[in-house]
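Below: the structure, in structure tokens.
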Amino acid sequence: MGMVWLAVRSLRHRYAAFTATFVAVLLGTALMGSFATLVETAAGPVPAQDAESLTVMGAVVGGWGAVIVLFSVASTVGLTVGQRDVEIGLLRTIGATPRQARRLVRAETLVVCLVAAVLGALLAAAGGRALLAALVAGDVVSDVEFGGGAVSLPLTVVGILQVCLVAAAIAGRRATRGPASVTAADDLAGARPIRRWRVALALVLIAYGLGMGVVTVTVSGNSDDPYDAMATSGSSSLLVGVGLALLGPLLLPVGARLARPFLGGGDGAGYLAGYTASRRAHLLGGVLGPVVVLTSGAVGTLMLVGADGRTLVGEPPEGTETINLLNNVVVGMISLFAAIMVINSFAAVVAHRRAELRQLWLVGGTRAQIERSVVAEAALVAAVGVVLGLVGSLATIIPFGLARGEGVLPDGQLWLPPLLVAGVAALTMLTARTLVRRATRSAAILIP
Amino acid sequence: MNASTAVLEVHDLARTYGEGTGSVAALAGVSAAFARGTFTAVMGPSGSGKSTFLTCAAGLEPPTSGRVVLDGADITDWDEERRTRLRRERIGFVFQGFHLMPYLTAAQNVGLPLRLAGRRPDRVRVSALLERVGLGERAGHLPAAMSGGQRQRVAIARALVADPAVILADEPTGALDSATAASVLELLRGCVDELGQTVVMVTHDPVAAAYADTVLFLVDGRVAGRMDRPTATAVAGQLARLDEWVA
Ligand SMILES: Nc1ncnc2c1ncn2[C@@H]1O[C@H](COP(=O)(O)OP(=O)(O)OP(=O)(O)O)[C@@H](O)[C@H]1O
Ligand SMILES: [Mg+2]
């Protein structure tokens, strides 16, 4: 029981570090739970057609939700655990076995996730009702009775907790790799080489996304059902986006090198940022990843919905509202969780670099300069991220446009990508500015 | 030295980092024995392999070749799980950076190795240890509310709690001013003289080394001499000579 004893004390001490995990699980459960109640409602006395719509909605959002929550919880837990490499190394040095160290990570994660998931389920109980009311009001389904909650919500909580356990297992394994040492792994190892499986997975995702694009143009685009083309090309932007995000630590230094000519001016902030981005690519890769996925998924899917609305001829087929709603909900979910991950990853970057920022300050960098150098870094990450994201979004836009006869360039909504890009860039830079300000304004910069 | 009384022995210990042309031989064949109830200082230029020596001796990392014998048991080929259990029962650690758990009180930090072993720390024993390191009043304080010297005393009490065979210390006074360092060294000396503990301490400071019974000098991962009943001046002189060899 020693590890649970330790986990409780550790949590009480640094609950702030677990905020991101808490929020991700809370919102994830609330969203997935709301849609899960639809499936349970569908099982009640409901017309067959409505039952199908409700079940499809629940299944699609539940499936995507599980993947997205897994990614974001794995990322947030991984960062919280990764920042404590010295502490976990100490525990192992004075006698915690790797298994005990992993149990500590698991206990901490499970407590946070349990509280967040139960609260999220309570939100979902109200959210599911509101969602059904909105669907009825929007004529997506007929006037059916809400009959969810008793089974679907506990199941959602159990499912989310499984996802949390997987995330904790990944983080725990990473934290106990290699021999125990009280030296920060980062200081010893310098730039960590990118793992081979990661590159392989990235290439598979990108190839799959591109392959689906080819299928869309050559096969499903010629099908009688106009939604076949959407089914094959709809998720390509996300898949390619995730693939590019996995390659982030490799692509960021390349981007930094390309951007270096533009970073020369000013007082050295941009110059420093360019080098930091290459040297700390694995850390900043955590910020870059969600930026790429957010841009790629949002631009790709929203342009798809737009092109669909423009090019559908005649009476919209059955289920159009459901499909549009689902596309929007999935984009919304991805955007929300990507934003949480951007904020959390940047918090980790700044926390990790307190000592370094202090050095900069000691050798005569003013606070304003330090802040500018971090914001310049964020700008660089945002720039590389949105460029990669836009490239990823083409994997959906081009095949679908060709299949629907719009050609490579969509006929409308060309204002959308710049708008989203501006939003993503603003989120990244504002997050960086807020966090670095908090770090430099607090007394902590004066203390080693 | 009579090998049969040795608590810790290393035979021809070697540790190489990296592979091929870029590899570094941090240890290149070190043999030494540390008798029960002795205080040994390990000294040498930066990069001479002192920390690597402690790491291998503690079973944190397996050596590339050579053997480590602790308390009569050859632990070289043990798996991580078994070495960890040995570590928490038989080895106490003290580090330069103190390394206490920030969210545990002094008393909880001291009892932590026992908790990891699945035992409930004995209150009386923990208070006695804190009393011994001069922190009887501070049992309930968090590390953040203590000075560097006080934190290091807590770390020493933690190292003593399992009644280990040997205490390994890596530059325990490296982050302390000389007065505080002196009191920490007195404390380690007391552990040897009064409790019969065995201490192996890496240090850069000839004054700290003078508290030991023996000084072991390392250069380029090899033993480059030893000195019994060291004085600060003699150690400083020897170090200067070693530096000349290296340069
Ligand atoms: N994890 C590692 N990977 C690669 N090389 C290492 C590693 N740890 C130590 N070394 C190398 O091994 C050699 C010995 O290092 P070690 O830390 O044992 O020296 P030290 O005597 O403790 O030095 P200091 O007095 O500066 O603490 C050095 O050349 C160091 O660069
Ligand atoms: Mg060292």
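A, B, ... follow the sequence lines: proteins, then strands. Residue 1 opens every chain.
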At a cut-off of 3.5 Å, what donor and acceptor atoms pair up between chain A and chain B?
residue	atom	partner	partner atom	Å
A:Glu87	OE2	B:Tyr103	OH	3.2
A:Arg92	O	B:Arg87	NH2	3.0
A:Arg92	NH2	B:Glu80	OE2	3.1
A:Thr93	O	B:Arg87	NE	3.1
A:Gly95	O	B:Arg88	NH1	2.8
A:Gln100	OE1	B:Arg88	NH1	2.9
A:Gln100	NE2	B:Leu116	O	2.6

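Contact of B:Leu100 with chain A is made through the backbone alone, with heavy-atom distances under 4.5 Å. At a 4.5 Å heavy-atom cutoff, the contact between A:Ile94 and chain B is made by backbone and side-chain atoms alike. Proximity to chain A (any heavy atom under 4.5 Å) is shown, for B:Pro102, by both the backbone and the side chain.
Judged as a side chain to side chain contact (heavy atoms under 4.5 Å, CB included), and not counting sequence neighbours, the contacts of A:Val166 are A:Leu70, A:Ile170. Not a single ring pair (Phe, Tyr, Trp, His ring centres under 6.0 Å) links A:Phe346 to another residue, sequence neighbours left out. Applying the side-chain hydrogen bond (donor to acceptor under 3.5 Å, both in side chains) test to A:Thr29 and every residue at least two apart in sequence or in another chain returns nothing.
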